[in-house]
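Report on the following structure.
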Amino acid sequence: MNNREVADLFERIADMLEIKGEIIHRVLAYRNAAQAIREFPRDLRVTAAENALETIPGVGKIIAEKITEILDTGTLEFHERLAAEVPTGVVDILHVNGVGPKKARMFWQEAGLTTLAQLEQAAREGKLRSLPGMGAKSEQRILEGIESLRRRASDTRIPLGIALPTAERILKALRSGTQVDQFAVAGSIRRGRPTIGDVDLLITSAEPKPIMDAFVHMEEVARILGHGDSKSSVELLNGLQVDLRVVPAERWGTALCYFTGSQAHNIRIRHLALDRGLSLNEFAFTPTGGGNEILCSTEEAVYAQVGLPFIPPELREDRGEIEAAQKGTLPDLIEAGQIQSNLHMHTTWSDGTASIREMAEAARERGLRYIVITDHSRGAVIANGLSIERLQEQANEIRRVDAELNGSIRVFHGTEMEIKADGTPDFPDEVLETLDFVVASLHVSLRQPREQVTRRLIHALQNRHVDLIGHPTGQLIPDRDGADLDLEAVFTAAAASGTAMEINASPERLDLTAQNARRAQELGIPISINTDAHSIADLDNLRYGILTARRGWIESHSVINTWPVDRFVTWTRQRHE
DNA sequence: GCCGTTTTCGGCCCGACTGTTTTCAGTCG
């Protein structure tokens with residue numbers, strides 16, 4: 001089992017324990033462990049072999065033993081026992097919006113409902129309203145919840161590339177015609193997480209009521225989950241849940257911190273506040289011994305109150321940012337404005353939609369100084385990969401466009417070369433050495449055994465013509481896990497060869513992940529942030545790559561896209577010699 | 001079940017909203 005499957009199993013255990021009425025803190029312990037495992041940057045199997053599972057925060061002796069059992073046997077006896085007791089369908093019922101552990105248990109124990117279908121039928125027939133605390137409205141709510149659950153079952157978390165533009169569009173709509181003063185997208189979008197559970201919007205306004213009304217009556221709202229003066233929630237037609245909160249301007253800082261999270265980060269900040277005799281919530285600091293609230297209208301003021309400099313939202317995951325802030329060693333994070341180049345993009349020569357000239361001009365409009373055209377190589381048949389002959393023809397066109405643009409932006413010739421299933425490069429050395437820049441990527445046979453797929457990448461890294469490994473793991477968001485790679489071995493090879501590793505900015509890739517990129521930077525591996533654009537519009541995906549890099553603590557000195565063109569040319573020439 | 005510079009016990013976030021309740025329980029974030 002991989003990390004995600006282990007995490008899912010613990011999440012399931014937490015569900016079943018909660019339905020059983022287990023004390024909430026034991027339930028939360030399993031949920032915390034599941035979350036920690038899901039985000040753990042290393043392979044659990046390796047960590048288990050090192051006997052280091054208990055170094056994962058939230059994993060103690062007992063859960064470590066359970067992880068070991070799962071990894072050794074593929075099952076967990078504790079889970080089997082629970083599963084024999086709590087029907088699977090009751091766990092499904094727990095996931096219906098509006099149903100919590102108490103109701104799931106009541107439906108099961110009092111009404112004998114053990115599947116979603118049974119619950120749905122009972123609600124339709126009006127049989128739930130006789131149960132305590134239930135009425136006609138709750139039945140309706142449950143029916144809607146079941147429908148929503150089924151809608152979400154196909155696409156669980158929403159990619160950042162959908163959630164962020166949606167959030168910005170809603171804020172823009174709310175701001176026209178109403179009295180919105182300050183506004184922000186908070187939550188995991190602001191932290192740049194690759195997938196989003198729901199959208200958190202925060203505003204200040206002297207007159208919130210009309211804003212709330214406008215919000216719940218937007219055209220794209222599928223249903224209203226809540227509608228109050230300070231908080232409203234809706235579900236959009238695309239399944240995304242959006243929460244809108246109105247806060248007083250003088251409490252903007254505490255509220256924005258609180259709703260940006262992460263939860264783990266907030267808990268640490270609260271503890272720092274408690275050390276100073278202050279309790280902290282979304283409204284204010286309050287002296288624990290009594291006394292007046294301390295209000296913060298900015299996030300800077302919140303951090304200052306606990307003796308810290310401002311911590312950028314992308315770092316707020318309790319992954320060392322608080323210690324770094326205390327020591328004054330917060331990273332100087334990469335910013336979009338520092339990016340001078342895009343080293344991975346496609347044109348109509350392979351599977352892109354724009355010409356070389358169009359891509360170059362669009363890149364120039366976005367402030368870039370140089371680009372590399374990297375169409376697919378011949379092995380990528382489905383993507384109209386270039387034969388050696390077409391590659392040579394393309395070289396002529398690129399030289400021509402580069403000359404025509406007259407230095408306003410430089411255009412270089414590269415390839416995104418297949419790393420074939422047998423590990424051999426798709427072009428021979430004598431072809432590669434005619435190119436300015438070579439990206440090598442895995443597209444096929446990602447499900448090969450760990451040793452084999454790892455060997456393929458290492459082989460590519462040892463080719464002196466290869467400058468960059470594109471989207472190293474091959475993950476697709478939210479559907480496909482990356483290849484089962486020994487990334488530590490891959491990184492060791494990359495550090496030795498000086499080959500760059502990509503943070504692919506396409507919102508469906510975001511690969512390397514933030515945590516893997518952070519590790520790569522630690523090892524001194526050059527990082528490259530590229531859009532892998534297949535169209536002009538895709539060039540705007542750079543923002544997702546920047547967010548991911550910042551989440552990975554990436555500083556500008558690690559990113560080869562910040563280099564002026566001379567340095568880039570010198571670097572590639574030296575590598576190819 | 002986890003955790004620890006108030007450490008081996010006793011905490012672990014709590015407030016808004018909803019629907020049912022006739023004063024509050026359950027859910028959610």
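In what follows, every chain begins at residue 1, and chains take the letters A, B, ... in the order their sequences are listed.
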For dT21(B) and dG26(B), measure between their P atoms and round to the nearest Å.
-> 13 Å
Select base, sugar-phosphate, or nothing to describe what Y30(A) touches, counting heavy atoms under 4.0 Å on all strands.
-> sugar-phosphate
NA contact type, V27(A), heavy-atom cut-off 4.0 Å: base, sugar-phosphate, or nothing?
-> nothing
Nearest to the side chain of P101(A) - dT27(B), dC13(B), dG1(B)?
-> dT27(B)
M106(A) CE to dT20(B) P, straight-line distance once rounded to whole Å | 11 Å
Can you label the angle between the F310(A) ring and the Y303(A) ring as parallel, tilted or perpendicular, going by 30° and 60°?
-> perpendicular
Gap separating the CD atom of Q182(A) from the OG1 atom of T204(A), nearest 0.5 angstrom = 4.0 Å
Distance between the C1' atoms of dC2(B) and dT8(B), in whole angstroms?
-> 12 Å
C1' atoms of dT6(B) and dG11(B), separation to the nearest Å | 12 Å
Is the shortest side-chain N/O distance from Q241(A) to OP1 or OP2 of dG29(B) below 4.0 Å?
-> yes
Check the distance between dG26(B)'s C1' and F107(A)'s CZ and give it to me in whole angstrom.
-> 11 Å
Tell me yes or no: between the side chains of S148(A) and E235(A), is some donor less than 3.5 Å from an acceptor?
-> yes
Rounded to whole Å, CZ of R105(A) lies from P of dA25(B) at a distance of 18 Å
Euclidean distance for P, dC13(B) against dG4(B) (whole angstrom) = 14 Å
What heavy-atom pair brings E11(A) and A34(A) nearest, and what distance separates the two atoms?
-> OE1-CB, 3.5 Å
Of the listed nucleotides dG29(B), dT18(B), dT27(B), the one nearest the side chain of D198(A) = dG29(B)
Quick note, K137(A) side chain, CB onward, closest among dT27(B), dG1(B), dT20(B) is dT20(B)
Any side-chain donor-acceptor pair under 3.5 Å between Q35(A) and R38(A)?
-> yes
Protein-nucleotide distance (E144(A), atom CD; dC28(B), atom P), rounded to Å | 14 Å
Choosing from dG29(B), dC13(B), dT27(B), which nucleotide comes nearest the side chain of R270(A)?
-> dC13(B)
Using a cut-off of 4.0 Å between protein heavy atoms and nucleotide atoms, how would you tag nucleotides 5-12 of chain B 5' to 3' with B, S and -?
-> -------B
Give one of base, sugar-phosphate or nothing for P57(A), where a contact means two heavy atoms less than 4.0 Å apart.
-> sugar-phosphate
Quantified in whole Å, what is the P atom distance between nucleotide dG10(B) and nucleotide dG15(B)?
-> 25 Å
To the nearest Å, how far apart are R129(A) CZ and dT21(B) P?
-> 12 Å
Between dG1(B) (C1') and H79(A) (NE2): distance, integer Å | 17 Å
Check the distance between dC2(B)'s C1' and I24(A)'s CD1 and give it to me in whole angstrom.
-> 15 Å
Give A136(A) one of three labels, base, sugar-phosphate or nothing, depending on what nucleic acid heavy atoms sit under 4.0 Å from its own.
-> sugar-phosphate
Nearest-angstrom distance, C1' atom, dC14(B) to dC9(B) = 24 Å
For dC12(B) versus dT5(B), give the span between their P atoms, rounded off to a whole number of Å.
-> 16 Å
List for me each residue that meets salt bridge (Lys or Arg N to Asp or Glu O under 4.0 Å) alongside R319(A), sequence neighbours excluded, and say none if there are none.
-> E39(A)
Rounding to 0.5 Å, atoms CD1 (I170(A)) and CZ (F183(A)) come to a distance of 14.0 Å
Rounded to the nearest Å, what distance is computed from the CZ atom of residue F259(A) to the P atom of nucleotide dG29(B)?
-> 12 Å
Enter the distance from R26(A):CZ to E18(A):CD here, rounded to the nearest 0.5 Å.
-> 13.0 Å
Hey, is the side chain of S138(A) poking within less than 4.0 Å of OP1 or OP2 on dT20(B), counting only N and O atoms?
-> yes
Partner of dT8(B) under the Watson-Crick or G-U wobble criteria, both distances under 3.5 Å, comes out as none
Side chain to side chain contact (heavy atoms under 4.5 Å, CB included) with V199(A): of L240(A), T166(A), L171(A), L236(A), only one passes, and it is L240(A)
Say whether T531(A) and D538(A), considering side chains only, have a donor N or O and an acceptor N or O under 3.5 Å apart.
-> no
If you find the nucleotide of DNA chain B closest to H227(A) and the one closest to K103(A), which residue's nucleotide is nearer the 5' end?
-> H227(A)
Could you pull out the protein-nucleic contacts involving nucleotides 14-16 of chain B (nitrogen or oxygen on both sides, under 3.5 Å)?
from    : atom 1 : to      : atom 2 : distance (Å)
dA16(B) : O3'    : S230(A) : OG     : 3.3

Indicate whether the side chain of D243(A) and that of Q241(A) have a donor and an acceptor atom separated by less than 3.5 Å.
-> yes
